[in-house]
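Input: a single structure, listed below in structure tokens.
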2 protein chains.
Amino acid sequence: MVKITDVARHAGVSPSTVSYVLSGKRPISEETRRRVQASIRTLGYRPHAGARPAGGRANVLALVMPLWAGIHAPTALRFAASVVTAARSYGHDVLVLTQDEGEEGLRRVADTVPVDGLIVMDVALRDPRLPVLRDLDRPAVLIGFPADRAGLTCVDLDFRAAGERCVDHLAELGHRAVALVGPPPEVYVRRTACAQYVLQGFTAAADRHGLTSAVHPCEATAAAARATAERLLREHPAPTGIVVHNEAVLEPLTEAFARLGPRVPEELSVTAICPADLAESARVPLTSVALPAAETGLRAVELLMRALAGEPVPATTLLAPVLTVRGSTARRTGGGGA
Amino acid sequence: MVKITDVARHAGVSPSTVSYVLSGKRPISEETRRRVQASIRTLGYRPHAGARPAGGRANVLALVMPLWAGIHAPTALRFAASVVTAARSYGHDVLVLTQDEGEEGLRRVADTVPVDGLIVMDVALRDPRLPVLRDLDRPAVLIGFPADRAGLTCVDLDFRAAGERCVDHLAELGHRAVALVGPPPEVYVRRTACAQYVLQGFTAAADRHGLTSAVHPCEATAAAARATAERLLREHPAPTGIVVHNEAVLEPLTEAFARLGPRVPEELSVTAICPADLAESARVPLTSVALPAAETGLRAVELLMRALAGEPVPATTLLAPVLTVRGSTARRTGGGGA
DNA sequence: GTGAAAGCGCTAACAC
DNA sequence: GTGTTAGCGCTTTCAC
């Protein structure tokens with residue numbers, strides 16, 4: 001382990017000069033800077049983050065992510081990957097915390113581990129961790145919008161608009177009865193923010209267009225998906241337009257429709273809110289509002305970095321939904337509807 | 001931020017005493033310990049990991065995990081979750097590094113970030129990171145077995161035995177022609193350890209039983225799974241026993257079989273090497289060798305902790321495969337085979 | 001524009 | 001059984 005004093009000796013300067021060359025916090029003559037940087041390179045020196053005095057940068061940020069079984073792993077991992085990649089591009093590493101460490105976990109990390117800031121995924125409308133986050137002496141960025149966002153920095157897809165956008169699209173195609181296939185009931189019970197907003201958007205748009213609407217929470221299993229498909233088709237009036245906000249059942253649900261009868265999109269139009277590649281690679285490519293995991297993660301990191309740099313950051317960053325029409329939606333043709 | 005000196009003052013002792021109460025590295029009188037611990041609690045003190053002298057414990061370990069798109073996210077996340085949980089139970093946090101930071105990334109973290117040890121997932125037979133890992137001044141545990149494991153600590157399911165176990169099971173049921181549906185070709189090209197071992201075990205057991213055998217690498221897409229299913233059924237002799245070592249195609253592959261004709265298990269027996277819950281929740285519950293992600297992660301952390309404590313650790317920990325018979329395998333009934 | 005020196009919070013000899 | 005003290009590697013006053 002080569003240390004700052006080694007570099008200083010090698011370059012014939014004092015340790016503090018090396019430190020300043022690295023931080024740029026005071027002007028250094030061209031000549032000296034070059035010598036120091038040469039020494040740094042030849043010795044392979046790297047400042048050891050742990051040795052920084054408390055309060056200084058550790059170049060580590062904490063990511064609180066849901067790791068429980070119910071989560072849609074591919075989506076969660078996309079978020080995590082984008083956060084890690086973005087963080088690295090700013091020279092930071094990422095410490096992961098599980099959701100279920102809760103408030104205590106946040107406090108522990110902030111107090112105990114050298115971490116510059118936090119990114120929190122999967123927030124609930126009234127998340128018990130909010131007070132702690134507000135109290136922390138470190139900046140934090142939430143992926144998701146709690147009900148009371150005073151004093152917090154949040155970023156996420158505009159899920160309300162996403163829900164509306166799907167219904168608008170279906171209404172434009174002439175559908176008069178729509179249904180939302182949402183996440184499992186427990187997600188609604190926990191009042192996970194994005195689920196609530198999609199629901200609001202869906203309902204609001206359906207009412208605005210005067211559509212018949214129904215909501216079906218659905219467990220993340222193939223069996224539940226099949227049961228939901230059957231229930232949907234038995235309804236009166238049977239919906240001809242579906243919005244799916246549950247990545248796990250996308251596959252089995254469309255599979256079940258294929259088996260049960262209604263052709264997609266001729267007799268049944270399906271839209272989804274999910275990562276774009278999932279929608280593309282479905283048996284019938286799905287018209288969808290993209291869940292921009294990569295962009296969201298990147299934005300969260302950018303916001304955190306700006307906060308760390310002392311720059312002012314917008315309290316809320318809502319990403320506008322983008323609906324891409326693929327093969328799963330079409331103008332309504334007879335049957336169904338009110 | 002309350003510090004150790006605050007606690008010391010409050011308890012009327014010296015900082016070192018507080019430190020020793022915390023670490024237990026020297027005997028403390030019952031009386032003093034109690035006073036100190038009371039002060040710790042009332043002041044809400046937590047030792048700040050970052051301030052520990054270099055070489056000391058940071059209570060952080062690094063987990064190098066594959067985050068590229070091709071990975072089976074649910075499986076990867078299971079590993080990660082078990083490592084994080086186990087680490088927490090030892091009072092450690094987990095820093096994630098992506099696979100593609102490669103050798104340089106390992107070096108960077110070891111030099112730069114206060115990390116006590118490393119856990120490396122998804123190792124290749126001749127992994128370029130091995131020399132770095134051996135050189136590091138920190139203990140590391142690999143999940144997976146490279147070809148040359150001198151000086152390394154490894155833990156993993158015994159994939160070779162797992163491959164054998166599946167074939168043995170099929171042979172016992174009277175199947176005479178078997179096929180392995182493996183991970184995508186690029187996984188074999190990278191010579192990912194577990195894929196190689198399964199292949200070896202599969203081939204060895206097939207030869208030992210005198211079975212006809214074939215190997216089909218398969219992309220992790222539903223389309224590729226369907227194509228593979230068709231190809232399998234067209235072979236002469238058509239295999240009547242299948243080993244699937246590719247979680248992503250489990251679903252679409254069995255789906256395709258169901259559509260193409262051969263009934264499972266009456267005409268075609270299917271075994272898988274995958275997490276147990278995946279096998280259980282398949283349309284036809286699959287006979288499988290469990291991929292014990294939870295146990296593997298736990299073991300890796302245990303090994304690392306023992307190494308950190310200076311205890312000797314076994315260089316290799318092979319987890320014995322456990323085959324659970326479910327509904328997807330049965331005694332061979334006429335047709336197919338040699 | 002640069003150096004010397006005093007911390008940062010914690011640990012571990014070294015004393016008694 | 002406990003206190004004193006000298007570090008750890010780095011940053012940041014303060015002084016020139």
Side-chain angles (χ1 to χ4, degrees), chain A residues 1-37 39-40 43-60 91 108 110-116 137 308, chain B residues 1-37 39-40 43-60 91 108-116 137-138 308-310:
Chain A
M1 258 261 56
V2 29
K3 36 201 175 188
I4 202 169
T5 50
D6 299 331
V7 178
R9 188 174 18 253
H10 182 105
V13 298
S14 80
S16 57
T17 302
V18 178
S19 176
Y20 285 121
V21 166
L22 252 19
S23 70
K25 289 194 180 172
R26 87 180 179 191
I28 300 282
S29 72
E30 221 12 64
E31 155 66 5
T32 313
R33 177 200 314 295
R34 227 190 306 278
R35 261 213 333 281
V36 170
Q37 264 161 355
S39 303
I40 288 179
L43 297 185
Y45 167 73
R46 334 222 201 188
H48 188 86
R52 286 189 170 78
R57 292 292 106 91
N59 289 337
V60 174
R108 182 181 61 76
D111 285 359
T112 266
V113 190
V115 152
D116 301 328
D137 52 340
L308 284 173
Chain B
M1 257 260 58
V2 30
K3 37 201 177 190
I4 202 169
T5 51
D6 299 331
V7 178
R9 186 169 24 250
H10 183 106
V13 298
S14 81
S16 59
T17 301
V18 178
S19 177
Y20 285 121
V21 166
L22 252 18
S23 69
K25 289 194 181 171
R26 87 178 179 191
I28 300 281
S29 73
E30 223 9 67
E31 154 67 6
T32 311
R33 176 200 313 296
R34 227 191 305 280
R35 261 214 330 282
V36 169
Q37 264 161 354
S39 303
I40 288 179
L43 297 184
Y45 166 74
R46 332 223 202 188
H48 188 85
R52 285 188 170 76
R57 292 294 106 89
N59 289 337
V60 175
R108 182 180 61 75
V109 165
D111 286 0
T112 265
V113 189
V115 151
D116 301 327
D137 52 339
R138 276 171 200 60
L308 283 173

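In what follows, chains carry the letters A, B, and so on, assigned in the order in which the sequence lines appear, proteins first and then strands, with residues in each chain numbered from 1.
- Annotation: proximity of residues 27-34 of chain A to DNA chain D (heavy atom, distance under 4.0 Å) is found for no residue.
- In this structure, B/Leu43 atom CG and C/dG9 atom C1' are separated by 15 Å, rounded to whole Å.
- For A/Ser19, counting side-chain heavy atoms from C-beta on, the closest listed nucleotide (D/dT12, D/dC10, C/dC10) is D/dT12.
- Atom NZ of A/Lys3 is separated from atom P of D/dG7 by 12 Å (rounded to the nearest Å).
- The separation between A/Asp111 atom CG and C/dG9 atom P is 13 Å, rounded to whole Å.
- Heavy atoms only, all atoms of each residue included: A/Ala8 and A/Ser14 are closest at CB-C, 3.7 Å.
- Put simply, the side chain of A/Arg46 never gets that close to the backbone of B/Asp111: no donor and acceptor are under 3.5 Å apart.
- One can place CZ of A/Arg9 at 13 Å from P of C/dA4, the figure rounded to the nearest angstrom.
- The closest donor-acceptor contact from the side chain of A/Asp116 to the backbone of A/Ala58 lies under 3.5 Å.
- Rounded to an integer number of Å, the gap from A/Asn59 CG to D/dC10 C1' is 13 Å.
- B/Thr32 and B/Ser29 share a donor-acceptor pair across their side chains, judged by distance under 3.5 Å alone.
- Within the 4.0 Å cut-off from OP1 or OP2 of C/dA12, at least one side-chain nitrogen or oxygen of B/Lys25 is found.
- In this structure, B/Ile4 and B/Ser19 have side chains that are in contact, with non-hydrogen atoms separated by less than 4.5 Å.
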Quick test: give all pairs of protein nitrogen or oxygen and nucleotides 4-6 of chain D nitrogen or oxygen below 3.5 Å, distance rounded to 0.1 Å.
unit_1	atom_1	unit_2	atom_2	d
D/dT4	O4	B/Ser16	OG	3.3

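- Counting heavy atoms from C-beta on, the side chains of A/Ile28 and A/Thr17 come closer than 4.5 Å.
- Rounded to a whole Å, the CG atom of B/Leu22 is 16 Å from the P atom of C/dG9.
- Across the protein-nucleic acid pair, B/His48 atom NE2 and C/dC10 atom C1' stand 10 Å apart, rounded to whole Å.
- For the pair A/Thr112/B/His48, no side-chain contact is recorded, criterion being any heavy-atom separation below 4.5 Å from C-beta on.
- The existence of a salt bridge linking A/Asp6 and A/Arg9 is confirmed by a sub-4.0 Å separation between a basic side-chain nitrogen and an acidic carboxylate oxygen.
- The distance between atom OH of B/Tyr45 and atom C1' of C/dC10, rounded to the nearest whole Å, is 7 Å.
- A donor-acceptor pair under 3.5 Å links the side-chain atoms of B/Arg138 to the main chain of B/Val115, judged by distance alone.
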